[in-house]
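When a ligand or atom number is given, it counts from 1 through the structure's own listing order.
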Amino acid sequence: MTLLLASSWGDMDPYFGKWREMLVRQPGGIEVRLYPDELGDVADITAALVWDPPPGLLAGLPNLKLIQSLGMGVDHIFRHDDLPAGVPVARLVDPDLVTRMSEYCVHSVLHYHRDADRYDRDQAAKRWNPVSYPAASTRRVGIMGVGAIGADTAGKLKQLGFDVAGWSRTPKDLPGVVGFHGGEGFAGFMQRSEFVVCLLPLTAETEGILDAGAFDLMPFGGGIINAARGGHVVDADLIAALDSGKLGFAKLDVFREEPLPKDHPFWSHPKIRITPHNAGITNPVTAAAEVAENYRRAMRGEPPSNIVDPARGY
Ligand code: NDP
Ligand code: OXD
């Protein structure tokens, strides 16, 4: 019984090395191999811990009992249509990662709420220019996706006094958060949301959801914070909405192509702020116990926790 750590990204060895260190320390110990150098006999591999796995790798592991995502999202796994049938795919739900993500979103909302860019400009010009700003209670923040991360973010923004709404696939009842759901709730949600924070999984239904039609619904001068996936945004529509003034800002952590290509117009757009997909990076120190528990369950023939539904894509 062996767990394979695999990714199609280059230079994962230092990170994977940390994972190995944490996994072998778990109760019962886990034998870990790193792809590609330590693959060895594929028949030994019973679980795979993956981030954007190399195409065809998982289908070629005959005794696989668990596909465990290294992150909370699983789109990097489902993007391949050659997954082995009947092997459960589980995602991480790590409280440390949830906290890091909601911290990023709250920081971004506060940045625009307090018009932080203005003071950077004023300082550069040695300009003393105190300007009043609206109370948080008058700011309408909309959270797209109120799952593990979205619900935590909504709660924290609520605590800071913001007027918060959430949009989900099924109805939700979060204290003090105005709930919208489904296609029928989308327009009302976007229309009220001056700040839209995207925390949706990337699925067939959510791909390209932040497009010209969605931006048109938003209040003039509002903005988006996307910490979910680049595929949620239609890049050209975002640039057009920012250039026309319809949107006032965009804070982006995730992109259709990562690393963001050097010639991409997002880099130099004055209304866009970029972070390099590090709103939340899975920390093996906090997440290894969850992975180890799922591994033990799968090896005992029990269903792992946080299994995702392949048909739904999250
Ligand atoms: P969850 O699965 O816990 O929650 C997803 C939410 O999205 C749920 O509220 C769900 O609705 C809603 N949703 C899904 N599909 C639709 C739809 N078609 N229409 C409306 N609502 C929908 O996800 P997490 O909170 O754990 O993570 C969200 C995403 O954040 C991840 O998938 C990943 O892409 C991204 N992420 C990014 C990171 C980064 O560093 N930038 C780090 C970690 C995660 P319902 O509740 O009804 O099911
Ligand atoms: C994740 C991510 O899905 O880091 O966890 O993007």
Side-chain angles (χ1 to χ4, degrees), residues 7 9 12 15 19 49-53 68-79 89-105 107-108 142-156 165-174 177 179-190 193 196-210 214 224-233 251-256 258-260 274-284 286-287 290-291 305-314:
S7 171
W9 290 17
M12 295 287 275
Y15 184 58
W19 267 104
L49 177 58
V50 295
W51 182 261
D52 196 5
Q68 171 72 55
S69 173
L70 261 167
M72 296 186 73
V74 287
D75 50 296
H76 59 102
I77 296 172
F78 288 129
R79 102 166 43 118
V89 176
R91 74 190 194 99
L92 275 179
V93 183
D94 178 24
D96 174 80
L97 187 49
V98 171
T99 299
R100 289 166 195 263
M101 287 296 291
S102 52
E103 183 181 277
Y104 177 92
C105 297
H107 169 259
S108 301
I143 314 287
M144 300 179 87
V146 281
I149 302 168
D152 194 55
T153 303
K156 285 173 176 161
W167 182 67
S168 45
R169 197 175 51 82
T170 55
K172 291 277 167 303
D173 190 13
L174 298 175
V177 176
F180 293 86
H181 68 276
E184 67 276 24
F186 186 70
F189 168 81
M190 293 303 285
S193 300
V196 166
V197 181
C198 181
L199 289 167
L200 290 166
L202 184 63
T203 66
E205 283 185 20
T206 64
E207 210 279 336
I209 195 162
L210 289 170
I224 65 159
I225 293 155
N226 186 17
R229 286 293 182 262
H232 290 122
V233 172
K251 171 93 180 263
L252 307 173
D253 184 56
V254 284
F255 305 90
R256 285 181 178 264
E258 296 180 1
L260 185 64
I274 286 172
T275 49
H277 197 151
N278 68 342
I281 294 177
T282 309
N283 180 0
T286 56
E290 181 184 332
V291 170
S305 57
N306 299 313
I307 291 190
V308 293
D309 175 355
R312 229 173 41 178
Y314 76 100

### Query
Got a donor-acceptor contact below 3.5 angstrom from the R169 side chain to the G182 backbone?
no
#### Entry: Residue shell around ligand 1, heavy atom under 4.0 angstrom
M72, G73, R91, M101, G145, V146, G147, A148, I149, W167, S168, R169, T170, K172, L199, L200, P201, E205, T206, A227, A228, R229, D253, V254, H277, A279, G280, Y314
### Query
For the side chain of S69 and the backbone of V74, is there at least one donor-acceptor N/O pair under 3.5 Å apart?
no
### Query
Taking N226 for the side chain and R229 for the main chain, is one N or O donor matched with an acceptor at less than 3.5 Å?
yes
### Query
Are more than 12 heavy atoms from other residues, nucleotides or ligands located less than 6.0 Å from atom CG of D173?
no
### Query
Is there side-chain contact between W167 and V196, with at least one heavy-atom pair below 4.5 Å?
no
### Query
Is there a donor-acceptor contact under 3.5 Å from the side chain of R91 to the main chain of G73?
no
### Message
side chain to side chain donor-acceptor pair (under 3.5 Å) for Y104 and T275? Distances and angles first, verdict last.
### Response
CA-CA 10 Å; Y104 177 92; T275 49; 2.6 Å; yes
### Message
Test your reading of the model: is there a side-chain donor-acceptor pair from H181 to the backbone of G166, 3.5 Å cut-off?
### Response
no
### Task
Anything with a heavy atom under 4.0 Å from ligand 2 counts, so go ahead and list those protein residues by chain and number.
W51, G71, M72, G73, L97, R229, H277, G280
### Query
Any chance CD of E258 has more than 12 other-residue heavy atoms, nucleotides or ligands included, within less than 6.0 Å?
yes
